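Below you'll find the structure, written out as structure tokens, and then a few comments.
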Amino acid sequence: MDWNRRKVFVTGGAGFLGSNLCHALAQRGARVVALDGFLFGGGANPRNLDGAEVDFVRGDIREIDLRPLAEGAAVIFNLAAQTSHMGGQADPLADIDINAVAQVRLIQAAREAAPDAIVVHASTRQFYGRVERLPVDETQPVAPPDANGVSKFAGEQYWMLEHRVRNRPVVSLRLTNCYGPRLRIRDARQTFLGIWIRCVLEGRPFEVWGGEQLRDMTYVDDVTAAFIAAAEAPACHGQIFNIGGSPPATLHDLAELMVKVSGGDGKYITKEFPADRARIDIGSYHADDTAFRTASGWRPEVGLEEGISRTLDWYRIRLGDYL
Ligand SMILES: NC(=O)c1ccc[n+]([C@@H]2O[C@H](COP(=O)([O-])OP(=O)(O)OC[C@H]3O[C@@H](n4cnc5c(N)ncnc54)[C@H](O)[C@@H]3O)[C@@H](O)[C@H]2O)c1
């Protein structure tokens with residue numbers, strides 16, 4: 001697809017994944033309109049869009065008139081979400097408002113303002129819950145372990161319905177744990193790796209909860225490439241895909257790698273998984289993303305060691321902006 005001068009609309013554009021995507025689209029010459037409400041506790045950071053040629057609008061998808069923003073867009077990348085699992089448990093109504101009700105607002109706005117736009121929706125592996133079989137392909141049953149999983153599943157399903165009923169080209173990407181530059185590292189709200197990075201760079205030990213759970217981390221440039229590939233490949237349209245990343249590693253493996261990559265500065269301690277989180281924890285997960293690879297030609301390029309190294313280097317000189 002020739003992105004040059006094409007209008008794209010990115011929701012959640014000041015967040016971790018959204019801002020990285022905005023940078024990549026702007027570099028391809030696209031006219032990027034980014035919306036973000038700087039939701040408390042989310043990944044939005046004012047520095048995330050530094051240096052990107054993006055038309056940024058601060059506003060809430062629950063309230064703002066979405067039509068002028070979506071007007072004439074060739075592609076809508078839909079990443080705005082309440083992403084906190086504990087947050088969703090604490091306030092499930094706000095969670096539904098953003099992840100489900102506001103999705104229907106955007107669907108209605110897009111019908112009027114961008115009836116032909118391709119939509120790439122950011123979905124999550126979270127709602128598979130505790131899985132019976134690894135790796136996880138798209139046929140595994142959905143069993144959301146928390147309120148956030150329910151609302152994210154509802155949001156995805158409204159988008160897929162829009163494909164079935166109106167024939168809109170919609171692709172939903174069920175992402176696994178993503179990491180890299182522009183991740184929220186102030187605390188563990190976005191992912192455990194965020195706070196690990198902060199601790200390593202501050203010379204403090206980080207905590208590993210449990211340690212034997214498997215994860216297949218995706219480096220953010222690979223996530224960005226997946227979003228773009230999903231829009232570009234007609235074979236993806238109308239489909240839901242799991243997106244994986246690096247080969248599965250236990251949290252202990254990841255912690256060891258973090259220590260190694262940091263040049264021995266990093267230290268960690270292992271703790272019991274906290275009881276309140278254990279109730280909604282998904283255990284081990286890694287994706288079978290064969291379907292997406294086949295349909296789009298995408299494959300992850302950045303290995304874990306390289307990805308962690310790039311991430312630490314990126315934050316080393318920007319730590320103050322992200323605390
Ligand atoms: N990062 C991951 O590991 C991961 C894994 C699975 C799925 N996802 C999905 O990818 C998408 C992006 O996630 P992320 O990690 O970049 O999180 P993020 O918190 O950094 O980005 C989401 C952005 O949406 C914005 N937002 C939230 N509610 C809003 C509202 N009502 N109006 C306007 N903006 C609002 C937030 O301010 C934030 O900037 C989400 O849909 C998330 O569910 C991410």
Side-chain angles (χ1 to χ4, degrees), residues 9-23 33-49 56-66 69 76-85 87-88 91 93-103 105-106 109 119-128 144 146 148-156 159 172-194 215-220 222-224 226-227 230 240-245 282 285 287 307 311 322:
F9 177 37
V10 181
T11 72
F16 164 43
L17 299 180
S19 60
N20 279 285
L21 181 59
C22 284
H23 279 273
V33 174
L35 171 70
D36 204 294
F38 278 75
L39 197 77
F40 176 78
N45 187 306
R47 310 309 300 267
N48 275 351
L49 289 172
F56 178 71
V57 177
R58 185 167 183 149
D60 194 311
I61 50 167
R62 289 170 289 185
E63 291 162 6
I64 195 169
D65 186 356
L66 294 160
L69 305 176
I76 299 173
F77 291 100
N78 184 32
L79 288 83
Q82 197 300 107
T83 60
S84 163
H85 303 296
D91 187 357
L93 291 178
D95 200 82
I96 298 166
D97 271 349
I98 297 170
N99 294 350
V101 179
Q103 300 303 311
R105 281 193 90 231
L106 180 55
V119 173
V120 186
H121 175 72
S123 188
T124 174
R125 57 103 217 260
Q126 181 71 8
F127 48 66
Y128 288 115
D146 57 19
N148 187 247
V150 176
S151 66
K152 284 290 291 182
F153 185 60
E156 175 190 82
W159 279 109
S172 181
L173 302 183
R174 293 180 176 170
L175 306 170
T176 186
N177 276 106
C178 310
Y179 74 103
R182 305 187 180 89
L183 175 71
R184 180 183 171 108
I185 59 161
R186 192 175 307 154
D187 48 36
R189 276 172 186 260
Q190 198 154 39
T191 134
F192 61 90
L193 212 66
R215 288 288 179 273
D216 54 344
M217 313 290 299
T218 324
Y219 187 69
V220 68
D222 287 327
V223 185
T224 297
F227 274 103
I240 293 171
F241 296 106
N242 292 348
I243 305 292
I282 63 164
Y285 178 93
T311 308
Y322 283 83

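Quick caveat: nothing in here was measured; it's all calculated off a predicted structure. First listed ligand is number 1; within each ligand, the first listed atom is number 1.
A pairwise comparison of heavy atoms in Asn148 and Thr83 identifies OD1-O, 3.8 Å as the closest pair. Considering all non-hydrogen atoms of both residues, Ala44 and Phe38 come closest at CB-CD2, 3.6 Å.
Side-chain atoms of Val150 and Phe127, non-hydrogen and from C-beta on, never get closer than 4.5 Å to each other. Counting only heavy atoms from C-beta outward, the side chains of Leu35 and Ile61 approach each other to under 4.5 Å. Using a 4.5 Å cut-off on side-chain heavy atoms (C-beta onward), Leu175 and Phe227 make contact.
Every atom of ligand 1 with a heavy atom of Gly15 under 4.0 Å away is listed here by number and element: 20 (O), 21 (O), 39 (O). With ligand atoms numbered from 1 in the order given, ligand 1 contributes 1 (N), 2 (C), 3 (O) to contacts under 4.0 Å with heavy atoms of Cys178. Counting atoms of ligand 1 from 1 in the listed order, those under 4.0 Å from a heavy atom of Gly59 are 32 (N), 33 (C). Distances below 4.0 Å separate heavy atoms of Ala44 from the following atoms of ligand 1: 37 (O), 39 (O). Every atom of ligand 1 is numbered from 1 in the order shown, and the set under 4.0 Å from a heavy atom of Gly42 is 19 (O). The distance from ligand 1 to the heavy atoms of Arg62 drops below 4.0 Å at these ligand atoms: 31 (N). Atom numbering of ligand 1 starts at 1 in the shown order; those under 4.0 Å from a heavy atom of Asn177 are 3 (O). The contact set between ligand 1 and Thr83, taken as ligand atoms under 4.0 Å from a residue heavy atom, comprises 17 (O), 19 (O), 40 (C), 42 (C), 43 (O).
Atom CZ of Arg182 is separated from atom CG of Asn48 by 6.5 Å, given to the nearest 0.5 angstrom.
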Check against side chain to side chain donor-acceptor pair (under 3.5 Å), Asn99 and Gln82: CA-CA 6 Å; Asn99 294 350; Gln82 197 300 107; over 6 Å; no
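If you check each of Lys152, Arg182, Arg174 against atom 43 (O) of ligand 1, the one with the closest non-hydrogen atom is Lys152. Here atom 6 (C) of ligand 1 lies nearest to Leu175 when heavy atoms of Leu79, Val101, Leu175, Val57 are compared.
Shortest contact from atom 36 (C) of ligand 1 to any protein heavy atom: Asp36 OD1, 3.4 Å.
At least one N/O-N/O distance between Gln190 and ligand 1 falls below 3.5 Å. Remark: ligand 1 and Gly37 share an N or O pair separated by less than 3.5 Å (distance only, no angle test).
Take Asn45 and apply the side-chain hydrogen bond (donor to acceptor under 3.5 Å, both in side chains) test, not counting sequence neighbours, and it matches no residue.
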